[in-house]
Amino acid sequence: MAVLALLAAAFAITLEQFVQWQYGATGLIGFLLLTIGIKAKSPTCSSIGAVVLALMMTGPAI
């Protein structure tokens, strides 16, 4: 059980670092809002995070 929690934490940290490297601080904020919204079961917070990430990913195309 502890190994699974450790692997999940390592994956989450790696994903956060990748998002920050690829999309900067704004992408990291969007990812954190999405994560916090899902864990807190807050549709408003998770929706804002998803919109921020979507705008970061499609920004150059618009």
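No experiment lies behind these values; they were computed from the predicted model shown. Numbering starts at 1 and runs along the sequence shown.
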Is there a side-chain contact between V52 and I29, using heavy atoms and a 4.5 Å cut-off?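 Of all side-chain heavy-atom pairs linking I29 with V52, none is under 4.5 Å.
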Can you tell me how far apart [atom1] ([X]) and [atom2] ([Y]) are? Round to the nearest 0.5 Å.
X: T44; Y: L33; atom1: OG1; atom2: CG; answer: 11.5 Å
X: I13; Y: L15; atom1: CD1; atom2: CG; answer: 11.0 Å
X: F18; Y: L28; atom1: CZ; atom2: CG; answer: 13.0 Å
X: T26; Y: L53; atom1: OG1; atom2: CG; answer: 10.5 Å
X: C45; Y: L34; atom1: SG; atom2: CG; answer: 8.5 Å

